[in-house]
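Here the structure is laid out as structure tokens; the discussion comes afterwards.
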Number of protein chains: 2
Amino acid sequence: MSNGAENPAPPVVLRGDLQAPTGPVAAPRQRADALRNRAQILSAAEALFTATPHPRGVTMEQIAKAAGVGRATLYRSFPDPSAVAMALLDEHEKRLQGQMIYGPPPLGPGAPPGERLAAFYMAYLDLLRRHLPLALGAETGPARYETGAYGFWRLHVRTLLTAGGVQDPDALADIALGPLAPELYHHQLKTLGIPHERIVQALVLSARRLLNPTPP
Amino acid sequence: MSNGAENPAPPVVLRGDLQAPTGPVAAPRQRADALRNRAQILSAAEALFTATPHPRGVTMEQIAKAAGVGRATLYRSFPDPSAVAMALLDEHEKRLQGQMIYGPPPLGPGAPPGERLAAFYMAYLDLLRRHLPLALGAETGPARYETGAYGFWRLHVRTLLTAGGVQDPDALADIALGPLAPELYHHQLKTLGIPHERIVQALVLSARRLLNPTPP
DNA sequence: GCCCAAACGGACAAGGCGTCCACTTAATCT
DNA sequence: AGATTAAGTGGACGCCTTGTCCGTTTGGGC
């Protein structure tokens, strides 16, 4: 669904040519200790990101030490600290993605596009509120837009915009996602002191204005 | 107006208490070589940021060498590479700020708020287009929101939203500024290949939807 | 022309990054 | 079960950038 940036992609075939008919792929067995370490890393990293006041400053050394593994072992699974945060965040995002596809309206299918967009804003901001340190730790500027997760949000919003009959949903999709940047939410909440609920309501208003032809 | 993060702020008074009646402040004379070096630094840095494919990767060493000064001299004026980019960007932003206050409508005063917001979007995106490397080089996550320039944009948008009679202009101001993030513009333009003009039109549309009660 | 303060820049130490390689351990084969 | 093989591990190395210190130079007021 959305793919964090972890390394284990060994069955990569560079060109699409003649991959042997191995059936449904011979299980690329993961060794038990590797899985155990990965779990330890994720667990320790989550605590670390949550505890630090400045998630972007978390270093590979710190994560490795907290997880009780060597740095090279950590590098085997993740290329940099933000990749760890992304993997963590990805788990939470996947649940939301499921609700958006299969869940009940207004988040899931069935509601008018403006209401679905508003519901998505509400749900995503709630995710941000609960996992802000992870989101801040994962934010590496341009990398944010390259993730599978961003592609999912983008596709979803684009679909809603199309259903709403708006011009150029492709260009508008990213614009509609702009206000969800974790750094921006953090600034509003922590620096400006705007309460979560007001941010949510403001976003809901903008969703309705964007997609409802005539406001009440 | 907007203040880049350069060091020379010696007449700072921490508390507002009893600053000696020195008249209009004794001129804190700048030595000629200091000004010359500063100019060289800014000039060399602009070229450097523009030339590199990855503005965030520009290092203090590179800037100093390009300007023909020592690293410590560079540190005297700027704490990090992004501060140099900010100072550079600030000059361009100031011109736009002037037009927004004193210039003709729809950018300046006189036009309805929706049109002024649309005009601001157009102007800012044009700034971004012309100085994207600087904007990307200046973008240091949270720091972006702490700059005087951001405060100006925020105040302006807040004023327009208030004039537009919208609820909670304080929370909406940042939301309206979210889509202007340089990284986002870069992603749309370079990665997705959406032409500049379409991005502008999409933003103009969102501005009108947000602030015009009944679209044509 | 002298003097003092401001400015300069070479040099230093600290710390993170990314990789290599010798050792360990889990899973498979006989 | 024991041997074999390959994946997994982590200590250690070299590289790069940062941020600061301090001896030297330079500008401008007296």
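Order of the sequence lines sets the chain letters (A, B, ...), proteins ahead of strands, with each chain counted from 1.
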What is the distance, rounded to the nearest whole Å, between atom [atom1] of [X] and atom [atom2] of [N]?
X        : N       : atom1 : atom2 : result
Arg36(B) : dC8(C)  : CZ    : C1'   : 11 Å
Met60(A) : dG11(D) : CE    : C1'   : 16 Å
Arg56(B) : dT18(D) : CZ    : P     : 13 Å
Ile41(B) : dA7(C)  : CD1   : C1'   : 12 Å
Leu35(B) : dA6(C)  : CG    : C1'   : 13 Å
His54(B) : dT17(D) : NE2   : P     : 13 Å
Gln40(B) : dC8(C)  : CD    : C1'   : 12 Å
Tyr75(A) : dC21(C) : OH    : P     : 18 Å

*Angle class for the Tyr124(A)/Phe120(A) ring planes (parallel below 30°, perpendicular above 60°, tilted otherwise)?*
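Tilted: the ring planes of Tyr124(A) and Phe120(A) meet at 30° to 60°.
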*asked:* Over 60° means perpendicular and under 30° means parallel, so tell me whether His131(A) and His92(A) are parallel, tilted or perpendicular.
replied: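 Parallel: the ring planes of His131(A) and His92(A) meet at under 30°.
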*From the options Leu127(A), Leu203(A), Val157(A), select the one residue that forms a side chain to side chain contact (heavy atoms under 4.5 Å, CB included) with Leu180(A).*
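With Leu180(A) as partner, side chain to side chain contact (heavy atoms under 4.5 Å, CB included) holds for just one option, Leu203(A).
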*Would you kindly say whether Tyr145(A) and His186(B) are connected by a side-chain donor-acceptor distance under 3.5 Å?*
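The criterion, which ignores hydrogens and geometry beyond distance, is not satisfied for His186(B) and Tyr145(A).
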*Taking the nucleotide of DNA chain C with the closest heavy atom to each, which residue, Val69(B) or Ala72(A), is nearer the 5' end?*
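Taking each residue's closest nucleotide, the earlier one in sequence belongs to Val69(B).
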Would you say [X] reaches [N]'s phosphate, i.e. side-chain N/O to OP1/OP2 under 4.0 Å?
X        : N       : result
Thr59(A) : dG15(C) : no
Thr73(A) : dG8(D)  : no
Asn37(B) : dC8(C)  : yes

*Could you grab the distance from atom NE2 of His187(A) to atom CD of Glu146(B), nearest 0.5 Å is fine?*
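Reported value, rounded in 0.5 Å steps: 5.0 Å.
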*Report yes if a donor N or O on one partner sits less than 3.5 Å from an acceptor N or O on the other, where the partners are the side chain of Arg71(B) and the base of dG19(D); otherwise report no.*
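Yes.
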*Does Ala32(B) or Gln62(B) map to a spot on DNA chain D nearer the 5' end, using the closest nucleotide for each?*
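Looking at the nearest nucleotide for each, Gln62(B) comes out on the 5' side.
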*Nearest listed nucleotide, side chain of Arg76(A), among dG8(D), dT18(D), dC17(C)*: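 When the side chain of Arg76(A) is considered, dG8(D) is the closest of dG8(D), dT18(D), dC17(C).
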